[in-house]
Amino acid sequence: MAEGVTPRSEDYSRWYQDIIREAELADYGPVRGTMVIRPYGYAIWENIQKALDRRFKATGHRNAYFPMFIPYSFIEKEKAHVEGFSPELALVTIGGGKELEEPLVVRPTSETIINYMFAKWVQSYRDLPLLINQWANVVRWEMRTRPFLRTLEFLWQEGHTAHATYEDAEEEALRMIELYRDFAENEGAVPVVVGRKSRIERFAGALHTYTMEAMMGDKKALQAGTSHNLGQNFAKAFGIQFLDENNELQYAWQTSWGVSTRFVGAVIMVHGDDQGLRLPPRLAPIQVVIVPIWRKDAEREAVEQAAHRICEQLENAGIRVHLDDRAEHTPGWKFNFWEMKGVPVRIEIGPRDVAKGAFVLARRDMPGKEGKTFDHPIEEAAARVGALLNEIQRNLLEQARTFRDANIHDVRTYDELREVIAAGGWALGYWAGSDDDERRVKEETGATLRCFPFEQPGEPGTCLMTGREANEVAIFAKAY
RNA sequence: CGGGGCGUAGCUCAGCCCGGUUAGAGCGCGGCGUUUGGGACGCCGAGGCCGGAGGUUCGAAUCCUCUCGCCCCGACCA
């Protein structure tokens with residue numbers, strides 16, 4: 001086991017905190033519930049940003065930036081919205097030493113201010129669709145905080161779009177949750193269940209909320225991204241109107257969707273083990289670390305020369321590589337250090353390898369010796385490493401999916417649901433219960449209705465709670 | 001907001017019960033030397049208003065009161 005890290009099996013919450021500290025992802029800020037994202041953690045976020053932003057651009061969205069301060073009156077304009085958010089608002093009441101006439105809200109999300117602006121920009125059906133994204137920080141005064149998963153301030157992207165018809169907005173909301181799924185699985189190697197939120201769980205002010213739910217290493221669910229069809233609720237509150245082809249005034253149909261720094265937490269908890277982080281190659285700030293090994297100064301030069309040659313080859317191939325040639329640490333120490341940091345591939349090269357013109361590959365997704373292969377020719381470094389990175393990316397997703405599928409259980413009755421939840425798994429069963437039935441499950445088991453998965457059996461069944469005919473299955477789980 | 005825990009060196013903590021030398025350890029940090037294929041070792045060294053304010057006492061890290069902060073667990077939430 002790694003030094004300074006509580007084993008996952010002993011105390012998962014402690015393990016999570018230990019990993020964040022030891023891998024230097026983040027540190028606690030001076031204000032309760034705040035955190036500093038350290039360079040290594042931020043580099044992961046930057047890779048998440050790049051992967052998402054590329055996809056947003058490819059689907060026609062453009063980035064913009066809206067102010068952090070929102071007039072309090074804006075928040076009050078949409079009834080469900082204000083009810084949803086008012087408990088967790090941070091208000092600014094003094095500015096420049098003077099009491100403000102109207103308090104300012106530090107944005108908990110930007111629907112209101114963005115839609116205020118949209119109302120100015122949208123006049124005609126020709127202005128639609130309006131497809132905007134912003135990268136920003138938001139503030140929600142949470143009671144219970146955890147690094148990355150829930151902090152008073154967090155970073156995210158929030159997409160906001162306006163469309164001419166309900167169908168267009170619905171299509172957009174679905175397109176974006178699918179985009180998120182593709183991102184989560186193909187970049188983060190995080191398998192997700194995509195589906196629709198229940199009335200109770202959906203976003204304050206939305207018609208439909210779509211979600212992707214991921215299973216963490218302790219089998220708790222994490223909402224890793226959401227996409228909302230907002231209908232015309234905000235358009236009506238903010239007067240976003242346009243003239244259609246028939247010269248008739250219509251309210252716009254809207255969506256919003258977001259993924260946050262919480263996703264970093266998902267990557268930690270889906271892949272991490274008792275040795276530390278395990279990063280999917282596509283999000284890893286460093287994909288390959290080279291550890292040169294030598295005893296005597298006489299050996300040093302030849303080894304480091306070979307190490308540099310490999311390093312250069314990998315760089316030229318576009319691989320993010322780091323050569324750890326520090327003299328103050330032993331190879332063994334470096335192995336542990338970079339394993340803690342979750343670097344997917346390690347190259348070891350010592351005198352014996354140099355003599356053969358070869359190097360050793362060690363993969364982070366397999367423990368110890370099992371993950372080591374020998375005698376890779378130096379000239380083939382780029383090809384060998386490239387292939388291994390792809391293999392690791394694939395394998396991490398596979399491992400996570402196997403774990404998840406083994407812990408989702410079909411249930412037919414409420415008793416079965418209780419059993420599954422008590423054992424810590426996810427319960428999948430037919431559901432046609434009321435809002436109160438859903439609340440009862442939460443009260444009695446601690447589990448919430450995570451979503452009605454898009455993937456359905458295709459035939460009706462019997463509701464586990466009411467015994468009535470149900471058209472859909474739902475997933476219940478304890479969640480972060 | 002309830003319940004629990006913790007504030008002593010950069011970090012993790014001991015010391016506190018039962019007040020009394022110059023406040024300690026491990027890790028980390030700096031220097032020198034030996035080392036380096038899975039967390040090396042020796043020697044030397046730097047580093048503390050013991051969270052804050054009151055009080056008790058000849059004397060407080062230690063006892064009392066108040067306060068501030070952080071963490072964990074629960075109720076609300078991306």
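In what follows, chains carry the letters A, B, and so on, assigned in the order in which the sequence lines appear, proteins first and then strands, with residues in each chain numbered from 1. Not measured: the values here are computed from a predicted model.
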(Q) Main chain of A:Phe454, side chain of A:Tyr210: is a donor-acceptor contact present, judged purely on distance under 3.5 Å? (A) no
Q: Return yes if some donor-acceptor pair links the side-chain N/O of A:His81 with the main-chain N/O of A:Ala204 below 3.5 Å, else return no.
A: yes
Q: Using a heavy-atom cut-off of under 4.0 Å over every strand shown, decide if A:Trp156 touches base, sugar-phosphate, or nothing.
A: nothing
Q: Hey, could you give me the NE2/CZ distance between A:His228 and A:Phe203, rounded to the nearest 0.5 Å?
A: 5.0 Å
Q) Base, sugar-phosphate alone, or nothing: which one does A:Arg21 contact when heavy atoms must sit under 4.0 Å apart? A) nothing
Q | Residue A:Arg295, side-chain heavy atoms: nucleotide from B:rU36, B:rA78, B:rG37 that is nearest | A | B:rU36
**Q.** Rounded distance in Å between the C1' positions of B:rG26 and B:rG47
**A.** 15 Å
Q.
Can you identify which nucleotide, out of B:rA78, B:rC76, B:rG37, has its nearest atom closest to the A:Arg352 side chain?
A. B:rG37
Q.
Work out how far the C1' atom of B:rA9 is from that of B:rG15, and round it to whole angstrom.
A. 15 Å
Q. Is A:Arg326 touching bases, backbone alone, or none of the nucleic acid, heavy atoms closer than 4.0 Å?
A. nothing
Q.
I'd like to know if the side chain of A:Glu158 and the backbone of A:Ser110 have a donor-acceptor N/O pair within less than 3.5 Å.
A. yes
**Q.** P gap between B:rC27 and B:rC44, integer Å
**A.** 14 Å
Q.
Between A:Arg364 (side chain only) and A:Lys341 (backbone N and O only), is there a donor and an acceptor less than 3.5 Å apart?
A. no
Q) Under 3.5 Å, is there a donor-acceptor pair between the A:Trp15 and A:Asp218 side chains? A) no
Q) Nearest to the side chain of A:Arg346 - B:rA78, B:rG37, B:rG38? A) B:rG38
Show the distances under 3.5 angstrom between N or O atoms of the protein and N or O atoms of nucleotides 67-70 of chain B.
from   : atom 1 : to      : atom 2 : distance (Å)
B:rC70 : OP1    : A:Arg32 : N      : 2.3

Q: Determine the interatomic distance between C1' on B:rU34 and the same-named atom on B:rG48; round to the nearest Å.
A: 33 Å
Q: Mind checking A:Glu339 for me? I need base, sugar-phosphate or nothing, with any heavy atom below 4.0 Å counting as a touch.
A: base
Q.
For the C1' atoms, the ones on B:rG24 and on B:rU8, what distance do you get once it is rounded to whole angstrom?
A. 10 Å
Q: Could you pick out which residue, A:Arg262 or A:Val354, lies toward the 5' side of RNA chain B when each is mapped onto its nearest nucleotide?
A: A:Val354
Q | Donor-acceptor side-chain pairing of A:Arg107 and A:Asn137 below 3.5 angstrom | A | yes
Q | A:Trp15 CH2 to B:rC72 P, straight-line distance once rounded to whole Å | A | 15 Å
Q: Remember a base hit wins even if backbone is also touched, and classify A:Gln223 as base, sugar-phosphate or nothing at under 4.0 Å, heavy atoms.
A: sugar-phosphate
Q: Quick one: label A:Leu222 by what it contacts on the DNA or RNA (base, sugar-phosphate, nothing), any heavy atom closer than 4.0 Å.
A: nothing
Q: Can you see which heavy atom on A:Met216 is nearest to which on A:Leu222, and at what distance?
A: CE-CB, 3.6 Å
Q. Would you say the side-chain atoms of A:Asp18 pair up with the backbone N or O of A:Val5, donor to acceptor, closer than 3.5 Å?
A. no
**Q.** Side chain of A:Phe154 - closest among B:rG39, B:rA78, B:rA75
**A.** B:rA78
Q. A:Ser13 has a side chain; which of B:rA78, B:rG37, B:rC72 sits nearest to it?
A. B:rC72
Q.
With nearest nucleotide decided by heavy atoms, which residue, A:Arg146 or A:Glu153, maps closer to the 5′ end of RNA chain B?
A. A:Arg146
Q) Given the C1' atoms of B:rG38 and B:rC50, what is the spacing between them in whole Å? A) 39 Å
Q: Side chain of A:Gln17 only, please: which of B:rG39, B:rC76, B:rC71 is the nearest?
A: B:rC71
Atom pairs under 3.5 Å, N or O on each side, protein against nucleotides 40-42 of chain B: can you list them with distances?
from   : atom 1 : to       : atom 2 : distance (Å)
B:rA40 : OP2    : A:Thr330 : OG1    : 2.6

Q: Mind checking A:Gly350 for me? I need base, sugar-phosphate or nothing, with any heavy atom below 4.0 Å counting as a touch.
A: base
Q: Give A:Val360 one of three labels, base, sugar-phosphate or nothing, depending on what nucleic acid heavy atoms sit under 4.0 Å from its own.
A: base
**Q.** Nearest atoms (heavy-atom pairs only) where A:Cys451 meets A:Thr211
**A.** CB-CG2, 3.6 Å
**Q.** A:Lys372 (side chain) and B:rG38 (base): donor-acceptor pair under 3.5 Å
**A.** yes
Q. Looking across every strand, which nucleic acid part, if any, lies under 4.0 Å from A:Thr261 by heavy atom: base, sugar-phosphate, or nothing?
A. nothing
Q) Taking atom P in both B:rC41 and B:rG5, what distance in whole Å separates the two? A) 37 Å
Q: Determine which nucleotide pairs with B:rC17, using a 3.5 Å limit on both distances of a Watson-Crick or G-U wobble pair.
A: none
Q: Give A:Thr151 one of three labels, base, sugar-phosphate or nothing, depending on what nucleic acid heavy atoms sit under 4.0 Å from its own.
A: base
Q. P atom, B:rC11 versus B:rG52: distance in rounded Å?
A. 15 Å
Q. Partners of A:Arg418 by side chain to side chain contact (heavy atoms under 4.5 Å, CB included), sequence neighbours excluded?
A. A:Tyr414, A:Asp415, A:Arg440, A:Glu444, A:Thr445
**Q.** Polar side-chain atom of A:Asn407 near backbone of A:Trp426 as donor-acceptor pair, under 3.5 Å
**A.** no
